Amino acid sequence: MPRARTVAVVGAGAAGLVAARELLREGHAVTVFERSARVGGTWAYDPRSDPDPLGLGAAVHGSLYASLRTNLPRELMGFSGFALAGRVFAGDPRTFPGHGEVLAFLDAFAVESGVAGRVRVRAEVVRVGAPLAGQGERWTVTWRGEDGETEDEEEVFDAVVVCNGHCTVPLVPKLRGIGYWRGKQMHSHNYRTPEPFQDQIVVVVGLGASGVDIAREISSVAKEVHIASRYTEDRLGKVDTYQNVWLHSEVDCIQDDGQVRFSEGSAVAADTILYCTGYRYHFPFLDVEGLTVDDNRVGPLYKHVFPPKHAPNLSFVGLPTKTIIFQSFELESRWVARALSGRAELPGEVAMAAAVDEDYRRMEAAGKAKRHTHALMPDWVEYMDWLAAQVGEPPMEARRREMYEKALRCIWSLDDSYRDSWEEEEQQEENR
Ligand code: FAD
């Protein structure tokens, strides 16, 4: 007989919602704590930005810009049994819809999966405490209502699934010579619209999906846009398809005359440095000995999900990046749900810890920086297939894998037209 457990889920973004669905399906009793007033997390566009342009206090959760459209096609952003493709949720049928469409999809998912009734909104988890000696396996969750006037409340659960999102607290590299910088600095967490960059010379640091989107958008109003990235070596210089966009290698330093100098040797006098350099994992509420975030590595975690010492009762859903995100949320969630019920067997604590060490050793041998521990490239399919095997599912279809890899190539091409020409190209591919 599968064991039914009481489970607290922290966060009602896409990860928390699908985690709750999988837990409910497995027969667990679920409470989802969500500190904002609604479900959807990241996809609830928030026009506010943080008072600190680098967002180091990160009071605002959301990091979406007003114009944001998905960087993956709808087909890669649904859940099994509840697709984003084939149905329109907020009047935006495009293959790469705007954020409002994804938010409406998540709203509908929450309702139709029965999860909505399990979500407690305006309930911020302020502490998750590991079981104390003599307490059995029970985890204490302390939460606070939004009004801040009522006392914090404590509840105990058999298990906690952490889904608090990881695109809120900016990761800002410390540039050499930054003391000489006299212009503005901002992190993409706080970017909403291009207008403030009118006629400016802007250095965009980072060439991920946000860096590409934002650089492109800013180029429509700015005087010059200079993108700095370590992934540009084979295409340095002016970008053909734009009047005013240049690709550079990494920022080497800020010179003593205040110019931004790039590793290939050129320098530019800029008005703003805009960091599109990603985010830090942050779990201010976790009070669990031995679990750390070190150089953006959350660990030790077995397969990015379970801390060996506390598996399966403490888990993390949604840490991996550079994969088909919604699908990895779902597979991880299903694995967690089954590990809790006893239908998926985990290795013992020692074996899991050894596997984590082995993974770290392999990463080091491959020259992968610690801070990229949860970025799954290049082994993303291996990870997804491994998860699928844990829950008795087949490996990823080649079509999905190809679609994802094509989307990545499109993002890095700097050519925005892929979003609107995708459908037609897919059709042509099929006819060939
Ligand atoms: P979130 O959506 O951040 O949800 C976390 C939730 O936890 C939030 O609702 C938050 O309020 C809540 N929370 C946090 N702390 C607490 C607490 N202490 N107590 C209670 N609740 C708490 N992914 C794609 O697949 N396709 C895309 O096109 C895409 N574009 C993106 C564009 C941008 C600019 C960004 C920033 C991300 C993008 N992503 C994209 C990745 C996106 O983050 C994921 O798709 C996904 O929605 C993240 O879901 P999540 O549930 O992990 O986190």
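In each ligand, atom 1 is the first atom listed, and ligand 1 is the first ligand listed. It should be emphasised that the depicted structure is a prediction, and the values quoted were computed from it without experimental measurement.
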- prompt: In a check of side-chain hydrogen bond (donor to acceptor under 3.5 Å, both in side chains) between Thr95 and each of Glu75, Glu424, Glu423, which one passes?
  reply: Glu423
query: Does some side-chain heavy atom of Phe89 sit less than 4.5 Å from a side-chain heavy atom of Leu103?
result: no
- request: Inspect the surroundings of NZ in Lys223 and state if more than 12 heavy atoms from other residues, nucleotides or ligands are less than 6.0 Å away.
  value: no
message: Please enumerate all residues that pass side chain to side chain contact (heavy atoms under 4.5 Å, CB included) together with Glu382, with sequence neighbours excluded.
response: Arg362, Asp379
Give every pair formed by an N or O atom of ligand 1 and a protein N or O atom closer than 3.5 Å, one pair per line with both atom names and the distance to 0.1 Å, or write none.
unit_1: ligand 1; atom_1: 2 (O); unit_2: Thr42; atom_2: N; d: 2.7
unit_1: ligand 1; atom_1: 2 (O); unit_2: Thr42; atom_2: OG1; d: 3.1
unit_1: ligand 1; atom_1: 3 (O); unit_2: Thr42; atom_2: OG1; d: 3.0
unit_1: ligand 1; atom_1: 3 (O); unit_2: His61; atom_2: NE2; d: 2.7
unit_1: ligand 1; atom_1: 9 (O); unit_2: Glu34; atom_2: OE1; d: 2.6
unit_1: ligand 1; atom_1: 9 (O); unit_2: Glu34; atom_2: OE2; d: 3.1
unit_1: ligand 1; atom_1: 11 (O); unit_2: Glu34; atom_2: OE2; d: 2.6
unit_1: ligand 1; atom_1: 18 (N); unit_2: Val125; atom_2: O; d: 3.0
unit_1: ligand 1; atom_1: 19 (N); unit_2: Val125; atom_2: N; d: 2.9
unit_1: ligand 1; atom_1: 21 (N); unit_2: Arg35; atom_2: N; d: 3.1
unit_1: ligand 1; atom_1: 28 (O); unit_2: Asn71; atom_2: N; d: 2.7
unit_1: ligand 1; atom_1: 28 (O); unit_2: Asn71; atom_2: OD1; d: 3.0
unit_1: ligand 1; atom_1: 47 (O); unit_2: Trp43; atom_2: NE1; d: 2.7
unit_1: ligand 1; atom_1: 51 (O); unit_2: Ala14; atom_2: N; d: 3.2
unit_1: ligand 1; atom_1: 51 (O); unit_2: Ala15; atom_2: N; d: 2.9

task: May I ask you to decide if the ring planes of Tyr65 and Tyr191 are parallel, tilted or perpendicular, using 30° and 60° as cut-offs?
output: perpendicular
message: Whether the Ser80 and Arg334 side chains hold a donor-acceptor pair (N or O, under 3.5 Å, no angle test) is what I'd like checked.
response: yes
